[in-house]
Engineer: 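The structure's right below; bear with me while I get my questions together.
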There are 2 protein chains.
Amino acid sequence: MTIRLLLADDQDLIRGALSALLELEEDFEVVASVARGDKVVEAARAHRPDVALLDIEMPGLDGLAAASVLTAQMPECRVVILTTFGRAGYLRRAMTAGAVGFVVKDARPEALVDAIRRVMRGERVIDPALAAATLAAGESPLTGRERDVLNVARSGATVAEIAAKLYLSEGTVRNYLSVAIAKTGTRNRMEAVRTADERGWL
Amino acid sequence: MTIRLLLADDQDLIRGALSALLELEEDFEVVASVARGDKVVEAARAHRPDVALLDIEMPGLDGLAAASVLTAQMPECRVVILTTFGRAGYLRRAMTAGAVGFVVKDARPEALVDAIRRVMRGERVIDPALAAATLAAGESPLTGRERDVLNVARSGATVAEIAAKLYLSEGTVRNYLSVAIAKTGTRNRMEAVRTADERGWL
DNA sequence: CCGCGCCCATGACAAATGTCATGGGTGAAC
DNA sequence: GTTCACCCATGACATTTGTCATGGGCGCGG
């Protein structure tokens, strides 16, 4: 009984390399391989994989969004998120998107193989260290608007630019930023953006 | 005549996958595989690879520094930098560190294989698009101190903190930041840090 | 020796940022 | 039907940031 796999990662080299790695297992077969999130569902329909390995950073549609669509449309296909690194918020979002596994790219190769076999048995697989970090980071205390403002502020936009882009007054933007700075326990915009990002609050 | 390879990448999974990929070529042999930059020279001494594939982001010693040491001590071993992201400045530094190849991780798998064969023939191999971007970014116009200040500012430090860390007066720090902002053609600290970083000026 | 670029500093000013108090509107929860 | 969280806004204020002019010291190349 071979396990049919779908690979989605925007880096061709990595995708090819992972494919080579996984094909070393006799009972694994990579049946589809795509570079864009918005090709995932199409490929899954065509090739009916048992497990889909999705990277998060991808053009078109990110891995988390792709996971949502895929699990909704093809619940028999298990989704494992395989991403460069365990930002706390990713794990939470991955779970709500219907993923049953979360493997970071610096795991040992056997860990990935093992994770695939386990999700096939119906288990959920999550890196324990990452799970702990996510619990520690906690739920985001930011309101929707605060998130919006921080997201725009990421690129280094000024208050005026943020206000223009969000159709808010400058004073309001300053207020949201001030609250966000307080909630992140930081002392300026840059740090607030940084730590909110790290904790997966954006 | 088999080509002996050394792999250095901090992500176990990627390293394993690349190894699987490269071993598919009959005349390639991965003779060493390390996760830390400061293990590169040691492994190279022990296994005498023909080509070393080095990632840049690694603990201990980054790939560029490792490349310097390696080419100095074992000039017969060709260094190819294999990294996630073609930041303009990396290429320049890689070349001065003695690398003869630079491949980005989103290249096609055949491109990597091809690059290895070509450096074995004595050629230099550089992604043409990346080379163009690097030329466009130009040499860094920043003075040493300006770089220092920007580097500290990266974490979101305030002027006072930067001044304390660098043993400068606050006014001086503000001056350097002001000049750096002007030289990068940006409008605040955040953008200056961002673009200087992207151009490899840090 | 002179000019030049880099280093460091000061002071003063304008602009942007962060804080706080205050208040009105809305919808969901109890 | 009141409470509460979120949304949006204003105004005032202190602080921080960015700009500019100015000047001294140092080392290097012409």
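FYI, side chains are in, hydrogens and waters are out, and symmetry mates aren't considered; it's all heavy atoms of this structure. Each chain gets a letter, A, B and so on, in the order its sequence line appears, and its residues count up from 1.
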Engineer: For K183(B), is the NZ atom crowded, meaning more than 12 foreign heavy atoms sit under 6.0 Å from it?
Structural biologist: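 Yes, the 6.0 Å shell around NZ holds more than 12 heavy atoms from other groups.
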Engineer: Within this structure, what is the CD-to-C1' distance between E170(A) and dA12(D), rounded to whole angstrom?
Structural biologist: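 Nearest whole value for this atom pair: 15 Å.
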Engineer: Calculate the interatomic distance between L166(A) atom CG and dC7(D) atom C1'; express it in whole Å.
Structural biologist: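 Those two atoms, CG and C1', are 12 Å apart.
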Engineer: Between R78(A) and E123(A), is there a salt bridge with N-O shorter than 4.0 Å?
Structural biologist: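 Salt bridge between E123(A) and R78(A), a charged N being under 4.0 Å from a carboxylate O: no.
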Engineer: Over how many whole Å does the gap from E161(A) atom CD to dT17(C) atom C1' extend?
Structural biologist: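 In whole Å, dT17(C) C1' lies 14 Å from E161(A) CD.
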Engineer: Regarding dC8(D), can its base be found pairing with the side chain of N175(A) as donor and acceptor, where the two atoms are less than 3.5 Å apart?
Structural biologist: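 For N175(A), whose side chain was compared with the base of dC8(D), there is no donor-acceptor pair (under 3.5 Å).
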Engineer: Nearest to the side chain of Y176(A), which nucleotide is it out of dA9(C), dT19(C), dC7(D)?
Structural biologist: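 Closest of the options to the side chain of Y176(A): dC7(D).
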Engineer: Which one of L22(B), D114(B), L21(B) satisfies the side chain to side chain contact (heavy atoms under 4.5 Å, CB included) criterion with P109(B)?
Structural biologist: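 The single option meeting the side chain to side chain contact (heavy atoms under 4.5 Å, CB included) with P109(B) is L21(B).
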Engineer: Which is true for T172(A) with a 4.0 Å heavy-atom rule: it touches a base, it touches only sugar-phosphate, or it touches nothing?
Structural biologist: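 It contacts base atoms.
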Engineer: Rounded to whole Å, please give me the gap between CG in D148(B) and C1' in dC8(C).
Structural biologist: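 It is 13 Å, rounded to the nearest whole Å.
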Engineer: Can a salt bridge be assigned to the pair D27(A) and R117(A) using a cut-off of 4.0 Å between side-chain N and carboxylate O?
Structural biologist: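 So D27(A) pairs with R117(A) through a salt bridge.
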Engineer: Figure out the CG/C1' separation between L177(A) and dC8(D), and round it to whole Å.
Structural biologist: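 Going from L177(A) (CG) to dC8(D) (C1'), I get 15 Å.
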Engineer: Which is true for T143(A) with a 4.0 Å heavy-atom rule: it touches a base, it touches only sugar-phosphate, or it touches nothing?
Structural biologist: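 It contacts sugar-phosphate atoms only.
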Engineer: In terms of the nearest nucleotide of DNA chain C, which residue is placed more toward the 5' end: V159(A) or P141(B)?
Structural biologist: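 The residue whose closest nucleotide sits nearer the 5' end is P141(B).
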Engineer: Hey, is D197(B) close enough to R154(B) for a salt bridge, meaning N to O under 4.0 Å?
Structural biologist: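 Salt bridge between D197(B) and R154(B), a charged N being under 4.0 Å from a carboxylate O: yes.
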Engineer: Taking the side chain of R189(A) as heavy atoms from C-beta outward, which of dG18(D), dC7(D), dG18(C) is closest to it?
Structural biologist: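 Output: dG18(C).
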Engineer: Looking at S178(A), does any N or O in its side chain come under 4.0 Å of the phosphate oxygens OP1/OP2 on dT19(C)?
Structural biologist: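 Indeed, a polar side-chain atom of S178(A) lies that close.
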Engineer: Measuring from the side chain of R145(B) (C-beta onward, heavy atoms only), which nucleotide among dA9(D), dG18(C), dC7(C) has the closest atom?
Structural biologist: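 The answer is dC7(C).
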Engineer: Given atom CD of E146(A) and atom P of dC8(D), what is their separation to the nearest angstrom?
Structural biologist: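 These atoms are roughly 11 Å apart.
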Engineer: Write down the distance between NZ (K183(A)) and P (dT19(C)), rounded to a whole number of angstrom.
Structural biologist: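 Rounded to whole Å, this separation is 14 Å.
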Engineer: Between S169(B) and dT10(C), is there a contact of a side-chain N or O with OP1 or OP2 at under 4.0 Å?
Structural biologist: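 For S169(B), the contact criterion (side-chain N or O under 4.0 Å from OP1 or OP2 of dT10(C)) is met.
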Engineer: What is the separation between atom OH on Y167(B) and atom C1' on dC7(C), rounded to the nearest whole Å?
Structural biologist: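 So the two atoms are 18 Å apart, to the nearest Å.
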